[in-house]
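The structure appears below as C-alpha cells.
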Amino acid sequence: MSGGMHSATKSRVFSFLALSLMVRTRFAPSPTGYLHIGGVRTALFNWLFARKHGGQFVLRIDDTDVGREVAPALEAILHGFRWLGLDWDEGPEVNGPFEPYYQSQRSESHKQAVQQLLAAGAAYKDYSKPEEYQAERTAAEQEKRNFRYSRTWAAWTNEDEARFESEGRTAVVRLKMPEEGQIIVDDLIRGRVEFNCATEQDSVVARADGSVLYNLASIVDDHGMQITHVIRSEEHLSNTPRQIFIAQGLGYELPKFAHVPYVAEPSSRNKLSKRKLDKYLKNKEFAKLNDLGQAIAQQISLATSAETFNPVIVDFYEQVGFLADALVNYLLLLGWSLDDHTEDFSRQQMLESFSLERVNKAPASFDPAKLVSFQDRYMQKLPVKQKVALVLPYLQQAELVSSPPPCETSDKLKAIVEAAGERIKIAGDILDYTDFYTADDKLSYDEKAFAKRLTKPDDAVPLLTKFRSILANTLDWSAANLEQTLKDFMEAEGIGFGQIIHALRVATTGKAVGFGMFETLEILGKESTLARIDRALSLATSSIAS
RNA sequence: GGCCCCGUCGUCUAGCCAGGUCUAGGACACGGCCCUUUCAAGGCCGCGACACGGGUUCAAAUCCCGUCGGGGUCACCA
C-alpha cells in the first residue's frame, strides 16, 4: 500500500485507537483508617492492569457512610498506598479531570441519575413503611415462597404520590426489576454469568432524604469517571446485575467487569476479615507472625491496638520492617500465577506478565509463613548498606542509638548486620541482637545457659580465666586472629571447641545462641570482651561458692 | 431457603478451554539426614492432592450429568 493517509484522518484514527485502548481502573476504599490485606490485593490487580495497558489508576474514596473522622483515616490509607508503591493518577491529593474523587461530594450526579431512572421507568417511588415491607418479606419466608415485593405502596402517578404523602408517608426509590428476561454479566475472570430478572429484588437506590445507596453510586461514579474495567472482589458479583440494570436504564455503556476471588483465612475457605482476629490467632503461623510483631512493637514503644496492628492490616508490615516489594510480590501470587515455577517478580516483570485471564477463580487463603519466606528472600538480596539503613531506625526507636546517629555507629552496625547475615529477616529483627549496645555491667545472662556452661562444668571457670589472660595480651583483634588464638589455646590445653566456646559465648553475650563467636568478639571489641568475661567469672565463682 | 460462584498436596499453585508427553510438576510449611562452636543459613532425601459417583472415549485431573462440600449474596451497609 502506497501513499499516506490524510493527516486529519490519521489523527482521528489515532485518537479513536487511543480512546478505545485507554484503560481506566479504580479502587474505592472506605476511609476506615486501615488497609486490609485482601483489599490491597484487589487494588494491586487494578493498579497492575491499568499500568500494564498504559492506562490510569484512580482512587475514589467511598466516604458516604462514615462519620466525621475522614481526614486522618484517609491519610493512613494513602500512606499505605505510597508505602506499597501503588501510585494513583487521579484521586485524593492529586485530583484530576473527573473531580471530585470523594463519593460524598458527588451527590448531585447521583440524584440526577435517580431522576433519570424514574423518568425512564426503570425505578419507582415506594411509599411503604419499613415495617410493611418487612412484613411481606417475613410472610414470604414463612410460606417458603421466594419473596418479591408486591409494589402495593408504589406510586405510579402524581395522584398516588399525593395520596401517600397525605398519609404522612415518605418515599424511597426502588429499582423496577422486570418480571422476565436475563441480565448477563460478561466477566473477564469468571466468564458469562446469567441472572434471571425475576429473582432479583426491587432494591432501594435512594433513601427518603435523597441520599443514594452503594449500588447506584458505584455505577454512576464509575461511569462519571470513565472507568473501563471494574476489577473488584467476588462478593460484588451478585450486585452486578443490579448495577447493570441501573446502567442500562441510564443509557451507559457498560464497563468490563472482573470479579477476583476474595482472600481467605489461613487454612480455610472463609473470607479473611478483620473481625475474626481471635480465630486467626489460633493458627500457628499467624500467631507466630503476630507475636513477632508485638515483640518488636514493644521494644520500640509503639502504641498498638489489636484493631490496627495485626497481620491482616497492611500497616503492621511496614511497622515491623517488611519490605513493600516482598509483600506486593506475595500478594501478586495470591490468586494469580504466570506459570508453574516463576515466583519472584520485579515491578517491571509484574507489569509485563500480569493478565486477568490468569487470575484464579477459587479463593486463596492467606499464608503468613509463605509471606515471611518472600520477605526473607527479598531481604537477603539487599546489600548490607541498605540493610543497615533499614535496621537503624529500630535501634533508634528502642533508644539504643541516638538520633542522629554518632559517627562510629555506621561501622559497628555494618559489622553487626554482616555478622547477623540471614538471621535478620525483617528489619525489626535487629532488636534480637542488641547485646552489643548493652553496657557491659548491665548485660543480663540467660540463667539456664549460664548454669550449664559456666557454673556447672568444673573446667569452665579455670579455662575461661586462662583464656582471658591470653586475650588480654592479644593485639590483633580481628575475627580471624581471634579464631587462631583460640585454636592455639585449645591445642596447648588439649581441649576441644565445645569445652571453651560455649562458656565464652555465654560470658560475652549472655546467651547460648548468637552469631559466629569470633565475629561477635571482634564487634564487641577488646575492652568489652574482657570486662564481660571478668563479670561473668566473678558471678560464676560466687555462685559456685554459695 | 432462592440465586450465583467455587472445589488439584496442610497452604499457594502448574496442568483443564484445544483428553494421551501426568506412575500429576514447582514453591511454602512439615519430617529426616548431612554440614556445623550455638542459632540461622545451606546441601540432600522424604511425606503429601485430582471432593465423590456415574457416563462419553482405545484413553479423563482435563469433556458431560448428578451428588456432596465450601463460599458469596439476597439491607433504607459498602
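Proteins come first, then strands; the chains are lettered A, B, ... in the order of their sequence lines, and each starts at number 1. No experiment lies behind these values; they were computed from the predicted model shown.
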**Item:** Listed nucleotide nearest any side-chain atom of A/K425, set B/U37, B/C39, B/A41
**Value:** B/A41
Please enumerate all protein N or O atoms sitting under 3.5 Å from an N or O of nucleotides 18-26 of chain B, with distances to 0.1 Å.
unit_1	atom_1	unit_2	atom_2	d
B/G25	N2	A/D340	O	3.3

**Item:** Paired nucleotide for B/G46 [Watson-Crick or G-U wobble; both distances under 3.5 Å]
**Value:** B/C30
**Closest listed nucleotide, where the reference is the side chain of A/L213 and the choices are B/C4, B/A14, B/C77** = B/C77
**Request:** Applying ring pair (Phe, Tyr, Trp, His ring centres under 6.0 Å) between A/F345 and each of A/Y378, A/W336, A/F354, A/F374, report the one that passes.
**Result:** A/W336
**Prompt:** Does any nucleotide pair with B/A18 by Watson-Crick or G-U wobble geometry, both distances under 3.5 Å, and what is it?
**Reply:** none
**Request:** Would you indicate whether the side-chain heavy atoms of A/S128 and A/T152 approach each other to under 4.5 Å?
**Result:** no
**Nearest-nucleotide pick for A/E422, side chain only, options being B/C3, B/U37, B/A41** = B/A41
**Asked** From A/E235 CD over to A/Y262 OH, what is the distance, rounded to the nearest 0.5 angstrom?
**Response** 9.5 Å
**Request:** May I ask which nucleotide in the shown strands pairs with B/C74, Watson-Crick or G-U wobble, both distances under 3.5 Å?
**Result:** B/G1
**Asked** The side chain of A/R423 lies closest to which of these nucleotides: B/C76, B/C39, B/A78?
**Response** B/C39
**Asked** Can you name the residues that form a side-chain contact (heavy atoms from CB on, under 4.5 Å) with A/D488, not counting sequence neighbours?
**Response** A/Q484
**Asked** Who is the Watson-Crick or G-U wobble partner of B/C68, with both distances under 3.5 Å?
**Response** B/G7
**Item:** Out of B/A78, B/C76, B/A14, whichever nucleotide has its closest atom nearest the side chain of A/P130
**Value:** B/C76
**Distance between C1' atoms of B/C65 and B/C58 (Å, rounded)** = 22 Å
**Asked** Which distance, rounded to the nearest 0.5 Å, do you find between the CZ of A/R26 and the CG of A/D62?
**Response** 7.5 Å
**Message:** Nearest to the A/S373 side chain among B/C28, B/C76, B/C6, which nucleotide is it?
**Reply:** B/C28
**Asked** Mind checking who B/C63 pairs with, Watson-Crick or G-U wobble, both distances under 3.5 Å?
**Response** B/G55
**Complete:** Out of B/C6, B/A40, B/A78, minimum distance to the side chain of A/Y214 belongs to B/A78
Polar-atom pairs under 3.5 Å, protein N or O versus N or O of nucleotides 67-74 of chain B: list them with distances, or write none.
unit_1	atom_1	unit_2	atom_2	d
B/G71	OP1	A/N270	OD1	3.0
B/G71	O2'	A/Y262	OH	2.3
B/G72	N2	A/S238	OG	3.4

